[in-house]
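To start, the structure under review is shown below, and the notes come after it.
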Amino acid sequence: MNTLDFSIRHIGISEKDQQEMLERVGVKSLNELIEQTIPSNIHLPEELNLPSPLTERELIEHISELGSKNKVFTSYIGMGWYDTCTPAPIQRNILENPSWYTSYTPYQAEISQGRLEALFNFQTVVTELTGLPLTNCSLLDEATAGAEAVAMLHNTLPKSKKKATKVLVDERVWQSTIDVINTRCIPQGISVEVCDVFSAELTEDVFGIVVQYPDANGEVKDYTQLVERSHAADVRVAVAADILSLAILTPPGEWGADIVFGSSQRFGIPMYFGGPSAAFLSAHDDYKRAIPGRIVGLSKDRNDRPIYRLALQTREQHIKREKATSNICTAQALLATMAGMYAVYHGADGLRDIAERVHGYANRLAILLKDLGYQIKSESFFDTIVLESLSEQEIAKIREIAEEVRVNFRYDKSGTIGISVDETTLESDLGMLHYIFAQAKGLEVDTNVCYDSDRCTAKLPQSMVRKSDFLRFDVFEKYHTETELMRYIKRLERKDISLAHSMISLGSCTMKLNAASELFILSNPQFAFIHPYAPKDQTEGYMEMLDNLSGYLGEITGLPYACLQPNSGASGEYAGLRTIRNYHESIGQSHRDIILLPISAHGTNPASAIQCGYKTVTVACDNDGNVDVEDFEKKAKENADRLAGTMITYPSTHGIFEPEIKKLCQIIHDNGGQVYLDGANMNAQVGFTNPGYIGADVCHLNLHKTFAIPHGGGGPGVGPICVKEHLKPFLPSHSLIYGDGVTPVSAAPFGSAVIFGITYAYIRMLGVEGLKRSTAIAILSANYMAKCLEKEYGIVYTGKTGRVGHELILECRKLKEETGIDETDIAKRLMDFGYHAPTLSFPVHGTLMIEPTESESLDELNRFIDVMRCIRREIEEVKEGKADPANNVLKNAPHPQYEVTADEWPFPYSRSKAAFALPYLLENKFWINVARADGGFGDRNLVATMSCCVVENQRNE
Ligand SMILES: *Cc1c(COP(=O)(O)O)cnc(C)c1O
């Protein structure tokens with residue numbers, strides 16, 4: 001045993017276990033298994049070229065060395081990112097707590113009540129602050145939320161506007177938001193006009209306008225008349241809003257906004273050089289079917305008790321495939337949870353205190369600067385003042401003095417300086433600001449005076465000063481002490497299954513270890529407190545890490561040029577397709593608009609293609625689960641004139657390495673298209689083969705799957721794309737960092753910059769050998785499971801040699817025919833055993849897809865196998881007539897604690913069979929507090945915030 005080797009901590013299988021598993025699988029060596037699994041014509045001829053592995057200790061030292069190359073200045077830059085105080089109990093008990101960060105998207109409601117409640121809180125916060133009733137539980141960032149808002153308006157045009165194609169975006173919206181709206185609108189045939197919306201004419205072709213509140217100059221304007229005028233012309237209004245300001249400003253919903261969106265970053269999420277943080281979006285009830293992302297709804301369980309669940313069927317857009325109006329899948333759940341909890345901790349009074357203090361310091365600062373003779377652009381601001389009419393020399397002087405004392409402002413070529421104060425600003429900071437601006441004028445000031453916050457809203461338009469109260473619900477009133485908050489968080493945490501409890505074998509999602517040492521970077525102030533627009537010489541540590549990582553990802557994928565912007569896999573898909581589209585335009589092939597998609601493609605693939613303005617043509621799969629090559633070739637040829645490309649997942653979503661993959665790539669290239677490889681299954685490739693070698697032109701990676709970033713209960717995710725040389729000039733860029741941007745896809749130049757540190761650590765600590773062994777063990781564990789369960793269930797697809805890749809699909813359809821027990825019953829019954837279900841009914845309806853990953857031990861694999869066999873025996877009892885087909889341990893699962901311990905026990909089987917079917921449960925039982933959710937009820941009666949609950953209750957009274 002080499003205790004310096006991190007791979008022994010990451011990989012669950014020892015050499016000894018490996019031997020036992022190989023025997024069970026029926027091969028002599030790991031090599032032999034790989035030979036039988038990965039087609040020989042795609043094996044890499046050479047080893048990857050990556051740095052030799054670091055120990056955990058060396059990694060920590062290395063990260064801290066990189067951190068010391070970043071310079072943490074006090075930031076007054078603003079522009080969508082603000083310094084904030086992350087409440088310590090939230091940092092320690094959520095951000096740094098594996099129960100929260102390793103959990104999966106809460107599709108299985110009964111074992112996700114904690115995070116569902118936390119997200120329901122977030123939705124309530126957004127609704128109450130924005131004044132609009134319907135909200136989702138996060139989007140990727142403010143800029144993409146803006147693009148989603150425009151798409152929503154465009155997808156729900158009133159009759160009079162059916163032909164309208166233009167959106168007016170006010171010139172005082174963040175440039176990053178304008179840029180992403182532009183990127184996203186062009187393929188949709190929507191024209192974006194950036195203008196002063198107050199003076200713009202609302203012509204027939206205009207369907208919507210976008211304004212910002214407060215605007216990019218920090219000004220709080222009264223939009224009431226603009227909204228009235230717009231509505232009179234059947235033009236809808238989307239508003240980008242600062243969430244903190246809404247504690248003292250009139251909610252846009254109250255002055256007529258149709259959609260409100262923004263970032264919740266300043267609710268306790270460090271700036272992290274741009275991300276991650278959660279965006280929000282709220283809308284009128286009319287937009288119920290158009291809203292993107294996920295919505296948590298309150299429903300009831302089998303016993304009529306309340307239960308939170310994802311209001312899934314009508315809401316998760318990407319599941320509608322080609323008909324989807326958004327491709328968003330992974331969002332920012334963990335960050336939304338934290339932001340919601342920040343509001344729980346502070347309550348309405350606390351939020352108001354923070355907002356008033358911030359506003360008060362801005363007021364005080366304005367007075368001080370005016371006294372020094374500076375000219376201020378607008379008197380009506382929340383937290384940002386803009387100094388104007390400054391000469392180049394004045395700006396240079398101010399900048400020099402400011403940087404001397406480690407302070408960043410927002411400098412603009414137009415001769416202005418922006419100063420955004422925030423929650424962290426204190427009296428002493430005001431003294432410092434006073435000093436800087438006095439010095440620049442050659443004046444001495446006494447900074448030993450009182451710089452009290454001037455809590456006065458008199459200078460704001462009085463119609464824009466908030467009069468309505470908000471967040472008067474128990475949960476926002478009760479947990480303001482650390483003791484109470486800690487216990488509340490713990491109470492929620494106890495309701496959820498995460499990787500801290502047991503294996504989560506979700507196929508396609510790769511729920512592997514998220515090692516503690518990989519995650520330390522998140523709590524390092526030298527990475528946390530960096531603004532995304534900080535000057536380059538302050539971010540050298542970040543840039544070194546990101547540059548190195550781009551190189552590693554290029555090496556691993558065989559596609560040498562990376563773009564780190566996309567904040568999720570689906571966002572990566574979009575970025576990749578957009579890159580292809582840009583490329584085709586550049587070579588005079590902009591008519592190419594067809595994407596071939598295998599029927600087995602993940603829902604985000606068709607959704608992304610449509611978002612990108614493409615049409616999709618579906619290709620069949622053969623009986624072995626492979627793409628039907630004949631059909632593929634036929635459709636490529638038929639559409640050769642218009643073929644833009646294909647999107648293929650490899651190994652396929654069926655978990656099989658298709659032997660003909662090279663041929664598929666060739667067919668596309670022969671017909672003028674580009675090959676997009678969906679890298680969600682990269683965990684079966686790393687070190688042995690790669691997209692570039694296979695023949696792809698572009699791929700995305702789900703770093704939150706293969707590369708160890710935790711799922712966070714549904715985000716953050718990261719979906720960087722890697723491309724061949726000819727596509728490099730067309731990658732997304734960022735106008736605020738690189739000058740003219742090529743179709744940026746995220747608000748921040750490097751997307752969720754800080755969490756690249758997790759992937760960086762993963763690659764640096766495993767090295768080539770560790771990465772390859774991870775891949776091989778992932779494949780071994782899947783094949784071992786397949787062998788152990790094939791008799792009981794049957795494996796839907798295996799390759800020609802009888803092997804699966806890194807995941808396997810269990811057949812459940814026949815059991816359902818014979819017994820009425822379906823894959824959902826199995827999923828719910830697994831909860832009684834303390835397990836999260838595998839992937840349900842994807843990519844094949846009526847099946848379960850299991851991906852054990854390399855991180856699970858043989859003991860854990862065997863325990864899960866025992867459970868699956870036990871469940872299989874229970875199904876057999878139904879088949880044999882020993883159990884009632886409608887009233888049995890499977891149909892009634894899961895069995896909540898209140899049922900198991902009730903005085904009455906109405907079921908025809910014993911309590912111990914329900915709750916303790918295997919001996920290990922006596923020692924380690926995960927108790928569930930709700931019975932099976934009634935999905936239909938929740939969708940018919942959507943209750944997505946506490947504010948609605950109040951309305952519902954009033955109606956009932
Ligand atoms: C997870 C997944 C995606 C989408 O990734 P997100 O990060 O959730 O957007 C796309 N394709 C496949 C095959 C996946 O498994």
Side-chain angles (χ1 to χ4, degrees), residues 104-107 138-141 144 148 275-276 292-294 310 316-319 321 324 326-334 504-512 564-577 595 597-609 611 625 627 646-656 658 676-685 691 696 698-721 745-746 751-752 755 759 805-807 809 838-844 849-851 853:
Y104 182 63
T105 309
Y107 290 126
S138 81
L139 289 172
L140 299 178
D141 62 23
T144 53
E148 299 282 357
R294 297 170 176 141
L310 287 182
E316 281 228 73
Q317 286 289 339
H318 74 273
I319 287 171
R321 304 179 77 92
S326 163
N327 66 345
I328 188 168
C329 176
T330 291
Q332 300 279 18
L334 187 70
I504 300 182
S505 62
L506 283 157
S508 210
C509 300
T510 318
M511 302 288 288
K512 61 169 62 173
L564 304 181
Q565 255 182 39
N567 286 317
S568 72
S571 174
E573 292 169 19
Y574 183 83
L577 293 176
I595 294 283
L597 279 173
I599 182 92
S600 60
H602 192 266
T604 52
N605 288 188
S608 298
Q611 290 300 300
V627 173
T646 188
M647 297 177 86
I648 319 181
T649 305
Y650 199 72
S652 75
T653 52
H654 293 147
I656 307 298
E658 308 189 47
Y676 182 96
L677 198 135
D678 177 327
N681 287 344
M682 200 63 202
N683 211 40
Q685 290 190 40
V698 45
C699 74
H700 84 257
L701 298 171
N702 297 67
L703 299 190
H704 47 301
K705 295 179 181 175
T706 306
F707 294 93
I709 292 177
H711 275 65
V718 187
I721 56 172
V745 296
S746 299
S752 293
I755 50 179
T759 295
H806 66 311
E807 55 193 6
I809 302 179
T839 298
L840 217 63
S841 286
F842 171 80
V844 185
M849 182 159 63
I850 299 178
E851 180 181 358
T853 85

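Whatever order the structure lists ligands and atoms in, that order sets their numbers, starting from 1.
A donor and an acceptor atom, one from each side chain of Ser508 and Glu851, are nowhere located under 3.5 Å apart.
Thr330 and Leu140 make their closest contact through O-CD2, 3.5 Å (heavy atoms, listed as atom of the first residue, atom of the second, distance).
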Check ligand 1 for N or O atoms under 3.5 Å from a protein N or O and list each pair with its distance.
unit_1, atom_1, unit_2, atom_2, d
ligand 1, 5 (O), Asn702, ND2, 3.0
ligand 1, 7 (O), Thr330, OG1, 3.3
ligand 1, 7 (O), Gly569, N, 2.7
ligand 1, 7 (O), Asn702, ND2, 3.3
ligand 1, 7 (O), His704, NE2, 2.7
ligand 1, 8 (O), Thr330, N, 3.2
ligand 1, 8 (O), Thr330, OG1, 2.6
ligand 1, 9 (O), Gly569, N, 3.3
ligand 1, 9 (O), Ala570, N, 2.7
ligand 1, 11 (N), Asp678, OD1, 3.4
ligand 1, 11 (N), Asp678, OD2, 2.6
ligand 1, 15 (O), Ser508, O, 3.2
ligand 1, 15 (O), Ser508, OG, 2.6
ligand 1, 15 (O), Lys705, NZ, 2.8

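Partners of Ser752 by side chain to side chain donor-acceptor pair (under 3.5 Å), not counting sequence neighbours, listed by chain and number: Asn567. Take Glu807 and apply the salt bridge (charged side-chain N to carboxylate O under 4.0 Å, His left out) test, not counting sequence neighbours, and it matches no residue.
Here side-chain hydrogen bond (donor to acceptor under 3.5 Å, both in side chains) pairs that include residues 702-716, with residues two or more places apart or in two chains, are His700-Asn702.
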**Request:** Would you please test Asn605 and Thr649 for side-chain contact (heavy atoms from CB on, under 4.5 Å) and show each step?
**Result:** CA-CA 9 Å; Asn605 288 188; Thr649 305; 4.0 Å; yes
